[in-house]
Amino acid sequence: QVQLVESGGGLVQAGGSLRISCVASEIINRMGWYRQAPGKQRELVATITSFGVTNYADSAKGRFTISRTNAKNTVSLQMNSLKPEDTAVYYCLGSVNGYAYWGQGTQVTVSS
């Protein structure tokens with residue numbers, strides 16, 4: 001059973017920055033972040049493979065940067081120029097053999 005533990009998150013003013021991280025219990029090829037705002041579906045933010053191949057949602061491009069440390073099974077998301085519409089619960093994703101594992105989520109709130 002893969003376990004994902006997130007850290008970071010919190011409250012920040014619009015235009016500010018925040019960094020969230022996730023530690024996996026084992027090596028996972030594809031990791032990433034999704035988010036879910038109240039009343040909305042969970043959506044992609046960014047993913048990264050163990051080879052460093054990244055994929056970003058249009059809303060994240062130019063503002064967010066995903067990175068990982070394979071030796072520590074850790075993936076992080078640096079979020080800059082945050083907007084109120086970035087407010088959501090951010091979930092860490094770990095994809096193993098096509099199966100998705102999720103962290104418990106961390107709240108990110110951006111005030112205007």
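The figures here come from the full heavy-atom set of this structure, side chains too, leaving out hydrogens, waters and symmetry mates.
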- Item | Nearest-0.5 Å distance, OG of residue Ser25 to CD of residue Gln1 | 8.0 Å
- Just wondering, do Gln107 and Thr87 contact through their side chains at under 4.5 Å, heavy atoms? yes
- Considering only heavy atoms from C-beta outward, does the side chain of Arg68 approach that of Ser50 to under 4.5 Å? yes
- Query: Under the salt bridge (Lys or Arg N to Asp or Glu O under 4.0 Å) test, which residues partner Arg63, sequence neighbours left out?
  - Reply: Asp86
- Note on the structure: Value for OG1 (Thr47) from CG (Asn55), rounded to nearest 0.5 Å, stands at 4.5 Å
- Query: Does Thr65 use its side chain to pair, donor to acceptor, with the backbone of Gln78 at less than 3.5 Å?
  - Reply: no
- State, yes or no, whether a side-chain contact exists between Gln41 and Gln36 at a heavy-atom distance under 4.5 Å. no
- Residues Asn29 and Thr49: side-chain donor-acceptor under 3.5 angstrom: no
- Task: Could you go through the side-chain contact (heavy atoms from CB on, under 4.5 Å) check for Glu6 and Trp102 one step at a time?
- Result: CA-CA 10 Å; Glu6 298 125 334; Trp102 298 97; over 6 Å; no
- Message: I'd like to check the salt bridge (Lys or Arg N to Asp or Glu O under 4.0 Å) partners of Lys40; sequence neighbours left out, ordered by chain and number.
- Response: none
- Message: Taking atom CD as the centre, does Glu26 end up with more than 12 heavy-atom neighbours from other residues, nucleotides or ligands that are less than 6.0 angstrom away?
- Response: yes
- Task: Count the heavy atoms of every other residue, nucleotide or ligand shown that sit under 6.0 Å from CG of Leu11, and state whether that count exceeds 12.
- Result: yes
- Item | Phe51: ring pair (Phe, Tyr, Trp, His ring centres under 6.0 Å) partners, not counting sequence neighbours | none
- Message: Test: disulfide (SG to SG under 2.5 Å). Region: residues 8-103. Which pairs qualify, not counting sequence neighbours?
- Response: Cys22-Cys92
- Message: Less than 6.0 angstrom from the centroid, inside 45 degrees of the normal: does Arg35 satisfy that with respect to the ring of Tyr91?
- Response: no
- Item | Hydrophobic cluster of Val5, others only, ordered by chain and residue number, side-chain cut-off 4.5 Å | none
- Taking ILVMFWY side chains as joined if any heavy atoms are under 4.5 angstrom apart, and letting links pass through other members, which residues group with Tyr101? Val2, Leu4, Val12, Leu18, Ile20, Ile28, Met31, Trp33, Val45, Ile48, Tyr56, Phe64, Ile66, Val75, Leu77, Met79, Leu82, Tyr90, Val96, Tyr99, Val108, Val110
- Task: Check the pair Ser112, Glu85 against side-chain contact (heavy atoms from CB on, under 4.5 Å), reporting the backbone distance first and the verdict last.
- Result: CA-CA 10 Å; Ser112 57; Glu85 50 263 44; over 6 Å; no
- Message: More than 12 heavy atoms of other residues, nucleotides or ligands under 6.0 Å from CD of Gln3: yes or no?
- Response: no
- Query: In terms of hydrophobic clusters joined by side-chain contacts under 4.5 Å, are Val23 and Leu93 together?
  - Reply: no
